[in-house]
Chemist: 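Sharing a structure, written as structure tokens. Questions coming.
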Amino acid sequence: MLTAATQSDAPMSFALTEEQRLIKETVNEIAQAEFAPKAAEVDQKHRFPRENFELIASSDLCGLPFPEEYGGAGMDNVSYAIVVEELAKACATTSVIYSAHVSLCAKPIYIFGTEEQKKKFLTPLCKGEKLGAFALSEPGSGSDAAAAKCTAVRKGDHFILNGSKNWITNGIEADTYLVIAQTDSSLKHKGLIALLVEKGTPGFTFGKLEDKLGIKGSSTCQINFEDSPIPVENMLAGPQDGFKVSMVTLDGGRIGIAAQAVGIAQGAWDHAFKYSKERVAFNQTINKFQAIQFMLAEMQTEIDAARLLTWHAARGQDLGVKFTKEAAHAKLYAAEVAMRSTTKCVQIFGGYGYVTDYPVERYMRDAKITEIYEGTSEVQRLVIAQNVLKGL
Ligand code: CAA
């Protein structure tokens, strides 16, 4: 008899290479054995699970999609999406710590970095010796990323950073931050630069940890700069490239969040499926009722579709073709599927779904952020529209 997991994987398994299947199985085993059992505690105590990141690092996953010469595993982006999904099925907090580290910090250094920058910054990130973060949003600019006001003024061999960045995933816990700052506001988005900033830089401080609805164990906070000197050699790409670096970074990041949303939806579905076979009402288990069967069927259809969109976008990234629209498709759809599905999973559990005795309420809370960070669903629609209309 098929288990829930094999049923849900079966429709797509033909597309995976042997290596991808192996990484899926391996990460599934680690995540279910090590991360799932303490996901509720991490959530309830708002605890950053440092030991999860360390296990991810010692399992050689931190540099998964990067070449071995930088300490990576030399695997592809489809494998990366698979890893994020498996982590999110067990613990959404852990999946976002990992995806922000890989997609939002290590990836842009790999794409835009000089050889020296890769050796200095990328290698320790790939080895998991350092944790990465990305700082684009500000108190007054989220969706309108080009409106960033944090300033970087050139003074000799340094840029002097001043200002605040908001909603920084891995906030206080990270070591390496990719910070977007404005050098000349009259140039608008062309005035933005991308700087690699290390923890411990003078004038670099942290605001309070945000008290969030979900992904509570991931450290999210404001970071502040007051006359912080950043060496000129820490600038990633060119002096007018900060916005481009951000957009390219987010294209890849959105695949990570789509995979996270798929994992959250699938994880909640697996719990609801199991519960429906155990819970008795009106003298039969509730999975015998068509109302429940239709909910499970519809959810699994949407989750499989979201996974396909995610892998399709990751495949585009692997092939080196432009995948901006595909990443937005995947992130938009997967995030909305995660929200719809987790809400239905709570419904299947009834009253038990609404309390913390079962994990589905956590999945529902964790799902919401996937519609917001790394570009809201409205921004994804905008990106898709821009890319679709461009061809007309
Ligand atoms: N790749 C490369 N270049 C791109 C690009 C892409 N995907 N998208 C846009 N560009 C380029 C354009 O070609 C254009 O270049 P030129 O000036 O040379 O012609 C330039 O960028 C400006 O493009 P737009 O006019 O389209 O830019 P815009 O100001 O209208 O913004 C937007 C478009 C899609 C709304 C963008 O601002 C955006 O993505 N906003 C959302 C930001 C976001 O996702 N923030 C989340 C931050 S991370 C986070 O959530 C925290 C965390 O830690 C997880």
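In what follows, every heavy atom counts, from backbone to side chain, and hydrogens, waters and symmetry copies are set aside. We count ligands from 1, going down the list as the structure has it; atoms in each ligand are counted the same way.
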Chemist: Starting from atom 14 (C) of ligand 1, locate the nearest protein heavy atom and write down its residue, its atom name and how far away it is, to 0.1 Å.
Modeler: His189 NE2, 4.3 Å
Chemist: Distance to 0.1 Å, residue and atom name: give those for the protein heavy atom nearest to atom 54 (C) of ligand 1.
Modeler: Thr169 OG1, 3.2 Å
Chemist: Pull out every atom of ligand 1 sitting under 4.0 Å from any heavy atom of Leu382, numbered as shown with elements.
Modeler: 35 (C)
Chemist: Considering only protein heavy atoms, which is closest to atom 41 (C) of ligand 1, and at what distance to one decimal place?
Modeler: Ser143 O, 3.4 Å
Chemist: Quick one: nearest non-hydrogen protein atom to atom 2 (C) of ligand 1, plus distance?
Modeler: Val248 CG2, 3.9 Å
Chemist: If I take atom CZ from residue Phe48 and atom CG from residue Asn170, how far apart are they, to the nearest 0.5 angstrom?
Modeler: 5.0 Å
Chemist: Might you check, step by step, whether the distance between atom 32 (C) of ligand 1 and some protein heavy atom is under 4.0 Å?
Modeler: no
Chemist: Name the closest protein heavy atom to atom 42 (C) of ligand 1, giving the residue it belongs to and the distance to 0.1 Å.
Modeler: Gly142 O, 3.7 Å
Chemist: Taking only heavy atoms of Lys190, which atoms of ligand 1 are found under 4.0 Å from at least one of them?
Modeler: 16 (P), 17 (O), 18 (O)
Chemist: Say you draw a straight line from CD1 of Ile372 to CD1 of Ile257; how long is it, rounded to the nearest 0.5 Å?
Modeler: 12.0 Å
Chemist: For atom 9 (C) of ligand 1, what is the nearest protein heavy atom, given as residue, atom name and distance?
Modeler: Met247 CG, 3.8 Å
Chemist: Considering only protein heavy atoms, which is closest to atom 23 (O) of ligand 1, and at what distance to one decimal place?
Modeler: Phe243 CE2, 3.9 Å
Chemist: Under 4.0 Å from atom 12 (C) of ligand 1, is there any protein heavy atom?
Modeler: no
Chemist: Side chains of Asn224 and Ser164: is there a donor and an acceptor less than 3.5 Å apart?
Modeler: yes
